Structures are given as structure tokens and as C-alpha cells.
Number of protein chains: 2
Amino acid sequence: MPKHEGVSLSVIKRLPRYYRFLGDLLSRDVTRISSRELASLMQLTASQIRQDLNCFGGFGQQGYGYNVAALHKEIGNIMGLNKHTPMVLIGAGNLGRTIARHMDFESSGFKLVGIFDDSPRVIGQKVSSLTVQDMAGLEAFCKEQSPRAAILCIPKEVAFETAQRLMKLGVNCFWNFSHYDLSLDFEGAVVENVHLGDSLMTLCYQINAAYPEDE
Amino acid sequence: MPKHEGVSLSVIKRLPRYYRFLGDLLSRDVTRISSRELASLMQLTASQIRQDLNCFGGFGQQGYGYNVAALHKEIGNIMGLNKHTPMVLIGAGNLGRTIARHMDFESSGFKLVGIFDDSPRVIGQKVSSLTVQDMAGLEAFCKEQSPRAAILCIPKEVAFETAQRLMKLGVNCFWNFSHYDLSLDFEGAVVENVHLGDSLMTLCYQINAAYPEDE
DNA sequence: TAGATTGTTAATCGATTAACAATC
DNA sequence: TAGATTGTTAATCGATTAACAATC
């Protein structure tokens, strides 16, 4: 693999979107595409696409463009989607169970290997081929299975301590749905925050900005 | 309200986070805070905070800083969280039902007034005080209740046509969870996309970037 | 070869940071 | 008044866009 060091966050955040669009083209049997065509499809500039891709390597061919299948695969490799990083879900409430059922972990570089909660109401329930386990058994489980990543679907009040407990067990990559900015406290952790509440408020702002009249 | 026109998207995206941090401070009975203190808390620069806030007005006081309660309320007003824009949920599968139950619409500027699906398996089910209705009744419902916004928890294949159908009914603000970039096709619509799959892939990338050794 | 389109360098634009005068 | 901290202007930095030589 070529060097990916120091690629800017804005480029990284665009990778999944490139991957999605290329996947779509692929399923519609498009074999080649130029940066100009892809740009018009994705509402970007051709320059930006070429700049972005060249952070990782020269995947195109002058006078031809890009091979859709090859580029799709390359971007998948760059993101590491072919891996299966073992991942646990902490918190099997409504949101946790839905995430477990809804996401395609296998094609996103992960494998969901365990689900934990501390409420007797959900412990023992089956969620997408896994059984919800008692949080008390987390240490033993991690010793055996060595998960590297965790999904946090827990209240913000316990997010910090839970993350700390997981870090001690060698789990330092977090997909954080709790209403809490995990990244701030954890030097050395890899954190992706999903703040659904923030997203809804952003929508609210934009509606008001677009239609200020109706007070 | 003062002028918000032309505020950059990066500033807007930070507003909910400011609101969250100020809410936290408020709940811990902090009455005043300087841009420097808030900056260290949020891991921003004091300059950025003052710049951001001054897009909307001068909420601080020289030599004193900002009143936490007042600023919290101001930002809430700027985002329009005190409104109750009527909103419908389209798609009452796992994800849709969870979103309906999980989000605090009332304190985010919305009111969930209807839930729709086309599958007999979920029509008639109760979800958080609402009953899932048949998509066939969408037109009649919109005529009566005039929702302005919709949550789309539907497969990407039907996202476009569903959004189009809603636009015809006067619903042109979308909180889109479908695996599809709605914004691209709809001039005049207000769209906030939530791409959970993209987020998971971004985490995958960052894990690989941080720990490239373990192939 | 001629045409097309990339990879890459240079120019522009916008967002972040620094500085400081205004003022509470 | 003196000290602190804002609001705001100027400087810097980074990301996007434009341009073009390289090359398939």
C-alpha cells in the first residue's frame, strides 16, 4: 500500500462517498469514468477528485480516465474495508439493538463479536445472532476475544467511565453514539462520534434560515 | 432576531456543540464563562469562539465574558429550537421506530405528528404514542396536518421517489437516513443527510491509519 | 499522430488564528 | 482607575480551484 500519512480529514471524510458512488456506477455496469463525469455526478469539481485520489496514488490513466471497478476496489482497500476488526456493542437499548441489526459490519471492515448491557431486561435477548451478555463478563470476554473496537450506545453520563474501562481492556477504537464528545478526553483513542441530536438541530437551523418568515 | 444570512456551514455545524457544552455548564451551575475557558473545554481557540458567536450578535461583555444561561438560550433561539415544526417519519422499520423513540424532537425544534410505512407487518403498530399509518393515506394526512419536514428511514432505492412525492405535498425539509445523497437532486429542499455507513467506514479508515501494522 | 484526460504545480479562496483597540 | 475580556480587523494557514505539461 502507498503512503496515506497526513491526509487531511476533509479528504478522508469524502472517501466513503466516493466509494458509494463508484459502487453505484459499478452496479450499473459503467466500466470507465473521467474525473469530469464523476464530478458532475457527485457535485464536486474534477480538480478536487483528482487531488483527492492522488493523495493515495495514481489510479487513473491519461486520456482514458478511471476504471470504475479498479478504483472502487482501491478505495475500499485504502479504507481497509476488507478487514474484520472484532467489535463489541456496549448498550443494547433501542438504539444499540437497531445499530447491531441495521449495519453491514462485514462490508465496512468490522465483525460484531459481542453485545453487552447491564440491564436484566435485555441480558439474554438475541440480537442478530448474538446474545446480549452481562457487562460483568466484559473483562473475561475481552481477554478471550480481544476486540479492538466498541460501539457505545449508552447514556452520556457513563460514556467516559465505560470508555476508560474498555481502554484498559485494549479496546481503544470507538464508534460513539452517546451524547458526549469522547474524543476530547482520550489521547491515543480513535473516535468517530455520531451525534444524532446535533444533526437534528442542524436541520432545525437550516429550516429557519431558509424560511424565516413563519415565526 | 439579528441577521444570520450567509453564515458559513462550518460555523452552523458547530452551533449544536456549543449548545450542548453550555447546557452542561448550566446544569453544573456555572454562571459565567470566558471565551478562553470555553475554548479549553471544547478544544477550540478563543478566537474561533468569539468569531463564531459574532456571526449572530455580540452576546458577551468586555471584561466579564459570557453569561452561560443567556448564551445557551440565545444559541437555542438562533437554531430555532423553541419552534415545533410538524414532522412525519417515513419508514417504520427497525431504524425508523428507534429514531422515533430515541430522539427528543420537542427540544430540537420539531414535533413528530405521523408515522408511515407500506408494510402490513408494521402498519397499525404503536410507536411512541403514534400509530403507524399506511403510506396510502399520506396525501390525506398532509392535506390536514401540513407537516413541513420528514424523516426518511427507507431503502435508498425509493428515497428519490418518496422525497418527490413529499415535495408535492409541501414537505421539503428532510432528515435523510437512507443510503442516498438526497441533496443532489432537490433544488429548494432543505436536507440533512445522516450516513451511518459512511461514518462506520471513516472509523475503519482511521483505525487502519493509526495501526497499519496489524494487516 | 491527435485527442483526451490525468497528475501536479500554481493561484485563489475561505476559514482559522493572532493581535489589539474598545469597553465593561 | 486598573484588569480583564470582548468585538473586530489583519495575518496566516489550509483547502479548493484553475491551469497546464506529461502521457496514454
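Here is how names work: the chains are called A, B, and so on, in the same order as the sequence lines, proteins then strands, and each is numbered from 1. Because the structure is predicted, anything quoted here is derived from the model rather than measured.
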Just checking, B:R148 and A:Y211: is the charged tip under 6.0 Å from the six-membered ring centre and within 45° of the axis? yes
What integer distance in Å separates A:Q48:CD from C:dG14:P? 14 Å
Would you please indicate yes or no on a ring centroid separation below 6.0 angstrom for B:F110 and B:H84? no
Base paired to C:dC13 (Watson-Crick or G-U; both N/O distances under 3.5 angstrom): D:dG14
Counting C-beta onward and ignoring hydrogens, is there a side-chain heavy-atom pair between A:N193 and A:V191 closer than 4.5 Å? yes
B:E37 and B:S34 side chains, donor-acceptor separation under 3.5 Å: yes
Counting only Watson-Crick pairs (N1-N3 plus N6-O4 or O6-N4) and G-U wobbles (N1-O2, O6-N3), all under 3.5 Å, who is the partner of D:dA21? C:dT6
Just the rounded figure in Å: distance from P of C:dG14 to CG of B:D52. 17 Å
Atom-to-atom span, CD1 of A:I12 to C1' of D:dT16 - whole angstrom: 17 Å
Carboxylate-amine/guanidinium contact A:K83 A:E106, below 4.0 Å: no
Mark yes or no for whether A:R32, through its side chain, and A:Y64, through its backbone, hold a donor-acceptor pair below 3.5 Å. yes
Report, as a single string ordered 5' to 3', how protein heavy atoms within less than 4.0 Å touch nucleotides 5-13 of chain C: B base, S sugar-phosphate only, - not at all. BBBSBB---
